[in-house]
Structures are given as structure tokens and as C-alpha cells.
There are 2 protein chains.
Amino acid sequence: MKILSFAEENYLKAVYHLSNAGELDVTTNSIAEEMDTKAASVSDMLRRLSEKEMVVYKKYQGVKISEKGKTAALQVIRKHRLWEVFLVEKLKFNWDQVHEIAEQLEHIKSPLLIQRLDDFLGHPKFDPHGDPIPDENGLFKEKPQVPLAEVEVSGDGIVVAVKDTNSMFLQHLDRIGIYLGAKTKVTEKVEFDGSMEILIDGKNKLFISKEVAENVLVTH
Amino acid sequence: MKILSFAEENYLKAVYHLSNAGELDVTTNSIAEEMDTKAASVSDMLRRLSEKEMVVYKKYQGVKISEKGKTAALQVIRKHRLWEVFLVEKLKFNWDQVHEIAEQLEHIKSPLLIQRLDDFLGHPKFDPHGDPIPDENGLFKEKPQVPLAEVEVSGDGIVVAVKDTNSMFLQHLDRIGIYLGAKTKVTEKVEFDGSMEILIDGKNKLFISKEVAENVLVTH
DNA sequence: AAATAAAATTAGATTAATCTAAAAAATATT
DNA sequence: AATATTTTTTAGATTAATCTAATTTTATTT
Ligand SMILES: [Mn+2]
Ligand SMILES: [Mn+2]
Ligand SMILES: [Mn+2]
Ligand SMILES: [Mn+2]
């Protein structure tokens with residue numbers, strides 16, 4: 001199993017995420033959009049990844065990630081999320097500042113480094129956005145979660161993750177007082193625009209938009 | 001000031017080191033040897049670095065690093081050494097294991113990350129091999145140091161750095177019990193082969209070869 | 001079932017970084 | 001001073017990763 005380039009790792013990660021953990025086939029255009037490149041570049045890369053048996057690729061039919069590719073993608077994701085934990089827990093970054101830096105750190109090649117980092121962090125199971133951290137074998141357990149938007153009136157839960165990890169969205173959550181671990185209770189739902197009223201930790205009343213409700217995930 | 005590629009950063013670092021902190025001119029061949037590439041590749045890169053005004057380059061005359069280039073090189077060196085401290089102090093790596101990983105980490109681009117890492121480590125002034133860590137402005141203070149080989153009989157000192165940071169050499173020092181901070185006293189010098197007898201911490205008698213004596217640096 | 005539109009691939013360029021082999025310049029040796 | 005040797009640069013290829021424009025394949029709509 002040869003070493004992958006940064007670009008190859010990034011494409012594999014994109015294919016993995018777009019395929020819902022390797023289940024579905026992924027289209028060229030969706031990869032191009034996700035990675036902010038052109039479809040022509042994607043076709044080219046898919047051919048190369050296919051030669052390395054990281055994906056199963058039939059021209060005009062899209063790709064599916066292979067077992068080998070999934071393993072590789074999960075190791076990159078593991079590194080990304082462990083570094084995000086490091087940045088927040090040890091270097092005092094805010095959860096909206098860590099993704100870009102982790103995009104760089106995830107490509108550092110040293111299995112021993114990641115093992116030691118994992119030890120140092122106390123083997124965290126989730127990153128600062130609530131996403132699960134795969135272990136050395138690529139195994140992980142997702143918390144059962146549902147968007148706030150789907151919770152009934154008077155239903156309660158705990159914020160366990162965010163769907164969108166865009167910096168602006170996370171800063172907005174900070175501003176209105178939503179954070180991982182917060183207790184939520186839906187007190188009112190507005191049919192018309194999908195907005196809702198919720199109670200945070202039993203005391204703070206909040207009105208949130210449909211967009212927020214759809215991107216905040218709570219226990220279920 | 002645009003962003004430099006990994007390759008450009010590595011060449012700049014090599015030029016800086018070979019020039020004795022930017023003093024001397026550096027030859028194409030010496031760079032090729034240091035970087036384990038061919039002279040043709042070096043010529044090519046020097047032309048590009050010259051266009052970016054990182055070095056002053058006259059064909060067939062060698063290069064000198066520019067002020068701009070020195071600043072860039074020192075920031076990479078700062079990152080390299082801070083990461084080495086992190087690896088040893090926080091992740092429990094041995095001093096012979098950190099250089100290769102730091103070669104990767106030194107290219108991560110995020111001024112804030114380095115600032116926070118520096119805070120987290122308590123603003124160390126020296127790396128695990130005794131080399132000084134430049135500050136944000138590229139300033140640093142070298143400890144006055146001299147190779148053990150140049151110390152007179154009965155002269156004492158403290159190990160402050162190693163000249164060679166090769167893994168094999170460092171492991172050898174571990175094995176014979178020489179470490180940064182060790183107290184040394186030269187008890188005998190053998191003219192013929194440059195070897196010597198020393199006393200570590202006033203109690204361990206050691207015979208060391210010329211090679212070792214030349215690469216262990218003590219206070220002076 | 002044709003025609004049209006959309007999606008994906010190929011053709012051909014470009015840039016960075018590398019190499020080998022050939023040419024040119026500088027240095028050293030007779 | 002002429003010749004030989006060493007050092008450095010240039011010429012020409014190669015590989016990875018990207019792009020635009022043209023072409024081909026698939027999907028959708030009349
Ligand atoms: Mn992230
Ligand atoms: Mn994350
Ligand atoms: Mn080092
Ligand atoms: Mn060092």
C-alpha cells in the first residue's frame with residue numbers, strides 16, 4: 001500500500017463523505033462541487049485513484065470507494081478529528097477556528113505521532129463538532145442523533161453535534177448560546193417557516209430559524 | 001509576500017543553514033548534497049527563488065539569502081523547533097525521533113497556531129537538541145558553546161547542545177549516558193586518535209571517541 | 001424516436017518540481 | 001598560456017495536478 005499524495009487523500013475523503021460512509025455511488029460533478037475544482041480534474045483523479053484501487057470507477061457511471069480506499073479515508077478523518085480536539089482542548093482554539101488548520105494537519109504521515117496524540121488527548125471518541133473519531137482500525141460509533149427541526153413540541157434532548165461546521169454558523173451558535181452538551185426543549189414550532197422556539201438548559205428561551213434547527217443535532 | 005511551497009521552504013532552510021545564518025555565499029553543489037537532489041534541480045529552484053527575491057543569485061557565483069528569505073527561513077526553523085519541543089515534552093517522543101516528523105509539521109501554515117503552540121509550551125528558548133528557537137521576529141540567542149573535543153583536561157562544563165542530530169548518534173549518546181544538562185569534566189585526552197575520558201555528573205567515567213567529542217557541545 | 005440538455009470524459013495547455021545528458025563557465029594543473 | 005577538470009547551467013523529458021474547450025455519453029423532453 002503506497003503513500004497517497006495530499007490531493008489523493010482529499011479526493012478520497014470527499015468521495016467517502018459524499019457516499020455516506022462508502023455506501024452510495026458518487027458523481028463526478030458532486031465531487032467537483034465539494035472540492036471546488038472542475039469536473040475535468042475530477043475525472044482525471046478518479047482514473048488515477050482507480051489505478052491504485054482506491055475506488056471502483058466505471059466511466060460515466062460514477063465511483064464507489066473501495067475497502068482499501070475506505071480504510072485510507074478513515075485514517076485521514078481520524079487524524080483530522082484528533083487534531084481538531086487537540087486544537088480546542090489544548091491550544092484553546094474555538095470550535096469554529098479549527099477546521100482549516102486540521103485540513104493541513106490531517107496529511108502529516110506518522111502512525112506513531114497519531115497514536116501518541118491519541119494517548120495525549122485521552123482517546124477522545126468525538127471531535128469538537130460532535131463527529132465520531134475512528135480508531136486505528138477505522139471503527140467508530142455514531143451517537144444516535146436527529147436534527148432539532150424534527151423534534152416534536154415539548155420534546156427534549158441534548159445537543160450532540162452540528163451538521164454544518166462552517167465558521168459563520170458556529171459563531172452564530174456561540175452568539176445565541178447553543179453549544180455541545182446543552183439541554184434543549186422545543187417549546188413551539190412555526191409551521192409556516194420552519195422556525196421554532198426552544199429552551200436551553202431549562203432557562204434560556206430562544207427563537208431559532210429553520211436553518212439552525214436543521215443543522216443542530218440532538219440525542220434521540 | 002506570497003506563500004512559499006514546501007519545496008521552496010526547504011531550499012531556503014538549506015541555504016540559511018549552509019550559509020551560517022545567512023553570512024556566506026552558498027554553492028549549488030553544497031545545496032544539492034544537503035538536500036539530496038541534483039545540481040540541475042538546484043539551479044532551477046535558485047532561479048525561481050531569485051525571482052521571488054528570496055535569494056540574491058548570480059549565475060555561476062552561488063547564492064546569498066536575502067533579508068526577506070532569512071525572515072522566511074527563520075519562521076520555518078521556529079516552527080520546526082517548537083514542534084520538536086512539543087513532540088518531546090508533550091507526546092513523550094525521544095529526542096532522536098522528532099526530526100523527521102518536525103520536517104513535515106514545519107510547513108503547516110497558520111501564524112495563530114504557532115503562537116498558541118508557543119504559549120502552550122511556555123515559550124521555550126531551545127529545542128530538544130539545544131538549538132535556539134527564534135521568536136516571532138526571528139530573534140534568538142545562542143548559548144555560548146564549544147565542542148567537548150576542544151575542552152582542556154580538567155576543564156568542566158554542561159552539555160548544552162549536539163552538533164549532529166542524526167538518530168543513530170543521539171541513540172548512542174542515550175546508551176552511554178550523555179544528555180542535555182549533564183555535567184562534564186574532561187579527565188584525559190588521547191592525542192593520537194582524539195578520543196577522551198570524561199566524567200559525567202561527577203560520577204560516571206566514560207571513554208568517548210573523537211566523533212562524539214566533536215559533536216557534543218558544552219558551555220563555555 | 002428525435003431532439004435537446006446535462007453530465008462526464010478527452011484533448012491539449014500550463015505550472016511546479018524533478019531528472020539525465022549536453023553545453024558552458026570557472027577553476028586547477030601541467 | 002594551454003589544457004584538463006570541476007562546477008554550474010541549459011535543454012529536453014517526465015509526473016502530478018490543475019485548467020479551458022471540444023467531444024462523447026447519458027438523461028430528459030418534446
Ligand atoms: Mn473539520
Ligand atoms: Mn470536525
Ligand atoms: Mn530537527
Ligand atoms: Mn532540533
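The figures that follow rest on heavy atoms only: side chains count, while hydrogens, waters and symmetry mates do not.
- Regarding B:K38, its NZ atom lies at a distance of 4 Å from the P atom of C:dT20, rounded to whole Å.
- Counting only heavy atoms from C-beta outward, the side chains of A:I77 and A:P134 approach each other to under 4.5 Å.
- Residue pairs meeting the side chain to side chain donor-acceptor pair (under 3.5 Å) criterion with at least one partner in residues 133-153 of chain A, sequence neighbours excluded, are absent.
- Within residues 9-18 of chain B, the residues having any heavy atom closer than 4.0 Å to DNA chain C are, in order of number, B:Y11.
- At whole-Å resolution of the value, CG in A:L46 and C1' in C:dT10 are 14 Å apart.
- Listed by residue number, A:T27, A:T28, A:N29 are the residues of residues 26-36 of chain A with a heavy-atom contact under 4.0 Å to DNA chain C.
- Phosphate contact (OP1/OP2 of C:dT10, side-chain N/O of A:K59, threshold under 4.0 Å): present.
- Applying the 6.0 Å contact sphere to CD of B:E100 captures no more than 12 heavy atoms from other residues, nucleotides or ligands.
- At distances below 3.5 Å, not a single donor-acceptor pair connects side-chain atoms of A:D118 with backbone N or O atoms of A:I114.
- More than 12 heavy atoms of other residues, nucleotides or ligands lie within 6.0 Å of NE2 in B:H17, so this atom counts as buried by the packing criterion.
- The nearest whole Å value for the distance from the CE atom in A:M45 to the P atom in C:dT9 is 14 Å.
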request  = Evaluate the criterion ring-ring contact (aromatic ring centres under 6.0 Å, His included) for residue pair B:H129 and B:H99; output intermediate values, then yes/no.
outcome  = CA-CA 10 Å; B:H129 313 105; B:H99 180 74; 7.3 Å; no
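- Close approach of DNA chain D to chain A, defined as any atom under 4.0 Å from a non-hydrogen atom of the protein, starts and stops at D:dA17 to D:dT26.
- Classified by interplanar angle (parallel below 30°, tilted 30° to 60°, perpendicular above 60°), the ring pair A:F6/A:H107 is parallel.
- As judged by a 4.0 angstrom heavy-atom cut-off over every strand, B:Y57 is placed among residues touching the sugar-phosphate backbone only.
- Among all heavy-atom pairs drawn from B:H220 and B:V146, the shortest one is CB-CG1, 3.6 Å.
- The salt bridge (Lys or Arg N to Asp or Glu O under 4.0 Å) check on B:K109 picks up B:E9, with sequence neighbours excluded.
- Among residue pairs with one or both ends in residues 163-173 of chain A, those qualifying as side chain to side chain donor-acceptor pair (under 3.5 Å) are A:D96-A:S167, A:D96-A:Q171, A:S167-A:Q171; sequence neighbours excluded.
- Taking the nucleotide of DNA chain D with the nearest heavy atom to each of A:Q61 and A:A7, the more 5' of the two is matched to A:A7.
- The ring of B:Y11 has its center no closer than 6.0 angstrom to the ring center of B:Y16.
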